[in-house]
Every structure is written in C-alpha cells, then in structure tokens.
Student: 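Pasting a structure below so you can have a look.
Any value given below was found using the heavy atoms of this structure, including those in side chains, with hydrogens, waters and symmetry copies removed.
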Amino acid sequence: MPSNNPPKLLDQVRARTRRLGMAKRTEQAYVSWIKRFILANGKRHPTMLGKTDVERFLTDLADTHRVTTSTQNQALSAILFLYREVLNQELPWLTNVRRPKLQTNLPVVLSRSDIDRLLTHLQGIHATIASLLYGSGMRLLECLRLRVKDLDFERTEVTVLMGKGGVSRRTLFPRRLHLELRAQLEHARMIHVRDLEAGFGAVYLPNALRRKYRAAEKDWRWQYVFPAPRRSVDPRSGVEQRHHIHESTVQRAVKNAVMSSGLDRRASCHTLRHSFATHLLDSGYDIRTVQELLGHKDISTTQIYTHVLGRGANAVRSPLDDDRR
C-alpha cells in the first residue's frame, strides 16, 4: 500500500537534484552539507531556521573549522539549493558571513626526469592512465569518463565531454600512447561483447543524452575506454551496468609509485596535470593555448603555473643569468 507520509527532507533534496539532472557527486555533496547544517542547529527543521542561522553556520566553518573559500561556497550553494529548490523559500541577502582567509598555494610540479621515474614504477592500465594524464592535462575523472568516441587517433585529439563546470573541450592525444590505447580499446570491446551476450551492455548516460540518443547506452561508441572489472548496480536507476574503473584504484597506484620511486615530493594524479601545464609554458607555448587545453575559465588560474617555471618570481629571468652579458 502506498504511504501517505511525505518523503523525508533529504529524500526530497535527492529527488530534486535528479529531476534537475545534477551530477551524482553534487547530490552527495549537497545532502552532506544540508545534513551538517541541520545537525549544527540542534536538528531543527530548516523551515524553523533563517538568515541568522545560515550566517552563523557559514561563519563557524571559516572560524572554527578553517575551511577554504571554495568549501564554504559549496556549503552556501547547498543551503541555497535547499531553500530555493526544495522549500520554495528565498533567503535574504547574507551580509554577516566571515570569509576564510585567502591562501595561495603553489602547485606541486615534477621535473621531466621525475615524471619518467614515476611512470616507470607504474604498470598496466595504471601506467597508461597516468601517462595520458600527463600527456593531455586532463583531470583524473575526466580521463576515466572518456568514451570510445572521444579518442581521435587521426587528429591526435581527445574530447573532454562535460568536464568541470559542464564545459566540453579538446586537448592533446600523445602519439606515444596510440598503440596502448588501441590495445585498451580492444580489451574494452571484448568486455562489452561479453556483457551484451549476457543480456547487459548498457552504460550510464546523463539524462539529456539518454533522451536524445535512446539506443546509445548499448552503442560501442559510448562505452567507457577504461571499463570497471565488474558490473555494478546504478544507485539512482537500479540498473546493473558497467561503470568506469574507480578513481581510488588509480590514486592508490600513483601514491605507491611515488613512494617506490623515491621522489621527495608529495605528488598525486593531479600533479601530472600541473606538470603538463608547466612544461608546456616552459617550452614556450602561449598561455592562452595552455588555458584552453586545461579548460580554465579564467586566465588567472593558468597564470599560477608561471610562478613554478624555475626562472624566478613571475617567470622572469634574472639579468645576471642573461646570455647576452
């Protein structure tokens, strides 16, 4: 018998994010922050709270928990989503929120020789993924979410579909990886064929793409380049599908490679992206070109790499080192 009880608040949040086609990670983050907001206010329902309570919660994140500006902004976005999209309430302008102190941390960048050392301590698919991260400048999840159709061997391009911020772009596809990626595609095709024979073979597609391309979920071109070793049940749809390999396996492999290679820096998968950008700038490529390849909206985000080129402050060469002297 259907229940007459209204859905719980967090279930309403989940339903609204899915109705709006928001990413699963965004849904999880919003639910987490809303739950934290409610607990911080004595488990009172948000309809009983208001502007002062929101300002106190956000200020406490900055003062007590020392979160970054981006973390505080994410918490604010979650709370605004709750009031606007779920409770149909408009919060007054928040004027008494203390912001975290801005901190500018220079990215960790490995030298070319350090990159080679790191890659030699990786094996199999992890070595291929790490090499592609460094050779293309993609973020880890952008790489793992690649579909077969996104690899263009002739134009040596990789299409990043719906990257960070929902922006698509094209970036480099190193020729040195073509043979490895062709072998990986053959491996992925064999997995897809076996899934089809077993009555499966569907892959996750965003809502808009699923409506536009109804048969695409079983189309080979839309399959993941790096499929997971086992099928899993999609927590939203309840359909058993084959997802891409989990990012934690690659992160763990890179961390172990950093330790075994003896590198004296705390490097990660994202360090390969930082190194890609810095090495391109060091080779003389225009910063606007690097910005486009990285998918940065603001040039100031790309400019941070000019501070780690190894040529002094702001990448300026000292006059004492001028070859014309």
Student: Could you work out, with side chain to side chain contact (heavy atoms under 4.5 Å, CB included) as the rule, every residue matching V167, not counting sequence neighbours?
Tutor: K297
Student: ring-ring contact (aromatic ring centres under 6.0 Å, His included): which pairs involve residues 53-79, sequence neighbours left out?
Tutor: F37-F57
Student: With L76, which residues qualify under side chain to side chain contact (heavy atoms under 4.5 Å, CB included), at least two apart?
Tutor: L58, L80, L94
Student: With sequence neighbours excluded, what pairs up with S168 under the side chain to side chain contact (heavy atoms under 4.5 Å, CB included) test?
Tutor: L161, M162
Student: Please name all residues satisfying side-chain hydrogen bond (donor to acceptor under 3.5 Å, both in side chains) with R56, sequence neighbours left out, ordered by chain then number.
Tutor: D53
Student: Quick one: ring-ring contact (aromatic ring centres under 6.0 Å, His included) pairs with a partner in residues 110-146, sequence neighbours left out?
Tutor: Y134-H279
Student: Check side-chain hydrogen bond (donor to acceptor under 3.5 Å, both in side chains) between R25 and all other residues, then give those that pass, not counting sequence neighbours.
Tutor: E247
Student: Which pairs count as salt bridge (charged side-chain N to carboxylate O under 4.0 Å, His left out) when at least one residue sits in residues 84-95, sequence neighbours excluded?
Tutor: R16-E85, R84-E90
Student: Scan side-chain atoms only and decide if H246 and S248 contain a donor-acceptor pair under the 3.5 Å cut-off.
Tutor: yes
Student: Is any side-chain N of the basic residue among R288 and D286 closer than 4.0 Å to the acidic one's carboxylate O?
Tutor: no
Student: Taking side-chain hydrogen bond (donor to acceptor under 3.5 Å, both in side chains) as the definition, give me every residue that meets it alongside T71, ordered by chain and number, with sequence neighbours left out.
Tutor: T68
Student: Please name all residues satisfying side-chain hydrogen bond (donor to acceptor under 3.5 Å, both in side chains) with R98, sequence neighbours left out, ordered by chain then number.
Tutor: D63
Student: Quick test of your reading: applying ring-ring contact (aromatic ring centres under 6.0 Å, His included), list the pairs with at least one residue in residues 136-174, sequence neighbours left out, ordered by first then second residue.
Tutor: F153-F173, F153-H178, F173-H178
Student: Under the rule for side chain to side chain contact (heavy atoms under 4.5 Å, CB included), what residues qualify as partners of R117, not counting sequence neighbours?
Tutor: D114, L263
Student: Using the side-chain contact (heavy atoms from CB on, under 4.5 Å) definition, which of the options T171, V160, T302 pairs with L293?
Tutor: T171
